[in-house]
Amino acid sequence: MKKHVFVIICLFLTILGVQGQNYYTSGQDIVGNGFVYKCREKLNMEIYNANNVLTDAEQTRKNGSPIVYNVPLNARPRKVQHEPYIYITLVNIFNSTLSAYDKDIVRPDFMGVIMYINSDTGKVMEVKFLFNPSKNGFVHIAPEKYFAIEQKIKQRMSFIVTAEGKTLNFNMYTMPVRGKDLE
């Protein structure tokens, strides 16, 4: 009987340890099978592929001039358009990659997905993930799953670049992913 109680307690503690694992620490490089992710904390935790070149690049016009708008943010011209199915596609990518357990962990939370878009083709070139590192279930998702999500986003998602967007060296588009939208 004591042996059974001991085994049950050990299993319980193991399950708690796995659930509480935070994979991401600021300044850390995460090396996986075919990828290296960088982690840095600014206002949120940012994780992105170490091969990204646009993560810290300055967005400019293709002719090198700076982007200047003398109007409020909500009055600025759109650089990319997206069809209504874009969010559904992003949610489907998360649904197909995350396990039921992962989805339960992230259900009350949300994260941002920043996509760096080619100004000529509208294809997603790079992806960065943002989330609150202290109170967010997305910190418990394994890096391999973010890498798989990144690859699927690059394969399946594209945008319509507007005339304004075509004048830029690249475009960015941020979408939230709400855990409650995952099935």
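Since we're looking at a predicted model, the values are computed, not measured. Starting from 1, each residue takes its place in the sequence as its number.
Under a 3.5 Å cut-off, the side chain of N118 and the backbone N or O of T121 do form a donor-acceptor pair. With hydrogens and angles ignored, the 3.5 Å screen pairs a side-chain donor or acceptor of E126 with a backbone N or O of V53. Between the side chain of N136 and the backbone N or O of F110, at least one donor-acceptor pair lies under 3.5 Å. Listed for the D109 side chain is a donor-acceptor partner under 3.5 Å among the backbone atoms of G137. Side chain of N171 to backbone of G165: a donor-acceptor contact under 3.5 angstrom is found.
R156 pairs by the salt bridge (Lys or Arg N to Asp or Glu O under 4.0 Å) definition with nothing, not counting sequence neighbours. Scored by the salt bridge (Lys or Arg N to Asp or Glu O under 4.0 Å) test, K152 finds no partners at all (sequence neighbours excluded). Checked against side chain to side chain donor-acceptor pair (under 3.5 Å), K154 has the following partners two or more places apart in sequence or in another chain: E150. Annotation: side chain to side chain contact (heavy atoms under 4.5 Å, CB included) contacts of N95 (sequence neighbours excluded): V91, N92, K103, L182, E183. Partners of F138 according to the ring pair (Phe, Tyr, Trp, His ring centres under 6.0 Å) rule, which considers only residues two or more places apart in sequence or in another chain, do not exist here. Residues passing the salt bridge (Lys or Arg N to Asp or Glu O under 4.0 Å) test with K145, sequence neighbours excluded: D102. For the side chain to side chain donor-acceptor pair (under 3.5 Å) test, no residue two or more places apart in sequence or in another chain qualifies with N33. Applying the ring pair (Phe, Tyr, Trp, His ring centres under 6.0 Å) criterion to F159, with sequence neighbours excluded, gives Y173. The salt bridge (Lys or Arg N to Asp or Glu O under 4.0 Å) search around E46 returns R40, K128, not counting sequence neighbours. The ring pair (Phe, Tyr, Trp, His ring centres under 6.0 Å) search around Y37 returns F35, not counting sequence neighbours.
The side-chain heavy atoms of V177 and D181, taken from C-beta on, include no pair separated by under 4.5 Å. At a threshold of 4.5 Å between non-hydrogen side-chain atoms, the residues I86 and M157 count as touching.
The two residues C39 and T25 come nearest to each other via the heavy atoms CB-O, 3.3 Å. For the pair I105 and P108, the tightest heavy-atom approach, listed with the atom from each and the gap, is O-CD, 3.7 Å. Counting all heavy atoms, side chain and backbone alike, T97 lies closest to A148 at CG2-CB, 3.8 Å. Taking all atoms of both residues into account, the shortest heavy-atom contact from L168 to K62 is O-CE, 3.1 Å. Scanning all heavy atoms of the two residues, the minimum distance from T55 to Y48 falls at OG1-CD1, 3.8 Å. Taking both residues in full, the closest heavy atoms of Q59 and F170 are given as NE2-O, 2.6 Å, listed atom of the first, atom of the second, then distance.
With values rounded to the nearest 0.5 angstrom, I114 atom CD1 is found 4.0 Å from L130 atom CG. The distance from the CG atom of N49 to the CZ atom of F129 is 9.5 Å, given to the nearest 0.5 Å. Summarising the geometry, atom CD1 belonging to I30 is positioned 13.0 Å from atom CZ belonging to F147; distances are rounded to the nearest 0.5 Å. Distance check, rounded to the nearest 0.5 Å: NE2 of H140 to OH of Y23 gives 10.0 Å.
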Evaluation steps, side chain to side chain contact (heavy atoms under 4.5 Å, CB included), between M125 and I117: CA-CA 6 Å; M125 300 182 301; I117 301 163; over 6 Å; no
Derivation of the side chain to side chain contact (heavy atoms under 4.5 Å, CB included) call for M115 and V113: CA-CA 6 Å; M115 293 167 272; V113 178; 4.2 Å; yes
field: Candidate pair N52 and Y116, rule side chain to side chain donor-acceptor pair (under 3.5 Å), full reasoning
entry: CA-CA 10 Å; N52 285 7; Y116 297 84; over 6 Å; no
- request: For I160 and V80, run side chain to side chain contact (heavy atoms under 4.5 Å, CB included): C-alpha distance rounded to whole Å, both residues' side-chain angles, the deciding distance at 0.1 Å, then the answer.
  value: CA-CA 6 Å; I160 299 165; V80 295; over 6 Å; no
- request: Would you sort out whether L90 and I153 count as a side chain to side chain contact (heavy atoms under 4.5 Å, CB included), showing the intermediate values?
  value: CA-CA 7 Å; L90 187 60; I153 288 172; 3.6 Å; yes
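There is a path of hydrophobic side-chain contacts, each under 4.5 Å, that joins M175 to L98.
Other residues sharing a hydrophobic cluster with V36 under the 4.5 Å side-chain heavy-atom criterion for ILVMFWY residues are V31.
Pairs engaging residues 164-177 under the salt bridge (Lys or Arg N to Asp or Glu O under 4.0 Å) rule: R61-E164 [sequence neighbours left out].
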